**Q** 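Please read through the structure below; I'll follow up with questions.
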Amino acid sequence: ERFRIVSQPHPLLGQTAPDFTLADHLDRPTRLTGLTARGPVFVVFYLGYSCNACIHHLVELSADVERFADLGSSIVAISADPAEQTRQRFEEYGPLPFPVLSDPAHAVAWQFEAMQAETAATADGAVGQPERPLHAALLIDRAGVVRWAYRGETPFRDTQAIFAELADLERCSPRPSPETIGP
């Protein structure tokens with residue numbers, strides 16, 4: 001219990017997550033329901049390769065990828081970076097051991113409330129709605145339901161808390177048989 005961190009309030013908490021299909025760094029489609037069919041998914045919205053804290057967080061997650069797998073789960077990271085930019089970064093620094101997906105128009109980020117609209121007055125007095133991405137992390141169970149959520153100005157970096165949540169999910173959810181998840 002010492003590693004538990006209570007979920008933040010979030011409109012999707014307890015709800016079925018919106019399904020999406022986004023391209024990875026090789027322009028291959030990855031669908032959320034395809035990932036959840038195999039087990040819980042830790043979805044991380046990050047600000048892109050221009051954010052050093054985000055990249056540090058993704059590297060930390062990559063160090064824990066085996067622990068996630070031991071708990072029957074996977075990780076997926078999403079940013080507005082184009083697939084080509086992610087591919088270049090992977091060539092430069094090495095790949096990450098989980099899907100890194102491109103959401104160039106922030107459409108999925110908006111669906112998961114990982115964006116913030118800020119009303120601001122412009123120099124000519126007009127009111128604009130600039131948007132900005134937030135750091136966000138959501139734990140989605142194998143049924144596609146959001147079980148835990150975080151959004152904020154910094155990445156959520158307490159993987160021990162996520163492991164505790166995953167262990168609870170696995171105690172509460174039977175594993176699917178190999179016939180139900182397919183190849």
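Residue numbers start at 1 and run along the sequence shown. The figures that follow rest on heavy atoms only: side chains count, while hydrogens, waters and symmetry mates do not. Just so we're clear, the structure is a prediction, and the values are computed from it rather than from any experiment.
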**Q** Using 30° and 60° as the class boundaries, would you call the ring planes of F20 and F112 parallel, tilted or perpendicular?
**A**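 Judged by the thresholds at 30° and 60°, the geometry between F20 and F112 is perpendicular.
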**Q** With the 4.5 Å side-chain cut-off for hydrophobic clustering, are L169 and I75 part of the same group?
**A**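 Yes, because L169 and I75 connect within a single hydrophobic cluster, where side-chain heavy atoms sit under 4.5 Å apart.
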**Q** Checking side-chain polar atoms at under 3.5 Å, does D81 have a donor or acceptor matched by the opposite partner on T86?
**A**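 D81 vs T86: no donor-acceptor pair found between side chains.
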**Q** Considering the options I78, L101, L134, which one meets the side chain to side chain contact (heavy atoms under 4.5 Å, CB included) requirement together with F45?
**A**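 When I78, L101, L134 are each tested with F45, the side chain to side chain contact (heavy atoms under 4.5 Å, CB included) holds only for I78.
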**Q** Without hydrogens or angle criteria, can the side chains of E92 and Q88 be said to hold a donor-acceptor pair below 3.5 Å?
**A**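 On atom types as modelled, these side chains do not qualify, holding no pair under 3.5 Å.
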**Q** Would you call E153 and R132 a salt bridge, taking side-chain N to carboxylate O under 4.0 Å as the test?
**A**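 Yes, this pair counts.
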**Q** Relative to each other, are the rings of Y46 and Y49 parallel, tilted or perpendicular (30° and 60° limits)?
**A**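 Perpendicular.
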**Q** For F163, enumerate each residue passing the ring pair (Phe, Tyr, Trp, His ring centres under 6.0 Å) test, keeping only those at least two apart in sequence or located in another chain.
**A**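 Testing F163 for ring pair (Phe, Tyr, Trp, His ring centres under 6.0 Å), a comparison that skips the adjacent residues, returns F68.
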**Q** Do R147 and E165 meet the salt-bridge criterion of a basic N to acidic O distance under 4.0 Å?
**A**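 Here E165 does not pair with R147 in a salt bridge, since their nearest N and O are not under 4.0 Å apart.
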**Q** When you look at R89 and H25, which way does the side chain to side chain donor-acceptor pair (under 3.5 Å) test go after all the steps?
**A** CA-CA 10 Å; R89 296 299 183 255; H25 68 288; over 6 Å; no
**Q** Do D19 and T33 have side-chain N/O donor and acceptor atoms under 3.5 Å apart?
**A**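 A pair is found: one side chain offers a donor N or O, the other an acceptor, under 3.5 Å apart.
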**Q** With hydrophobic residues grouped by side-chain heavy-atom distances under 4.5 Å, do L166 and V43 end up in a single group?
**A**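 Different hydrophobic clusters.
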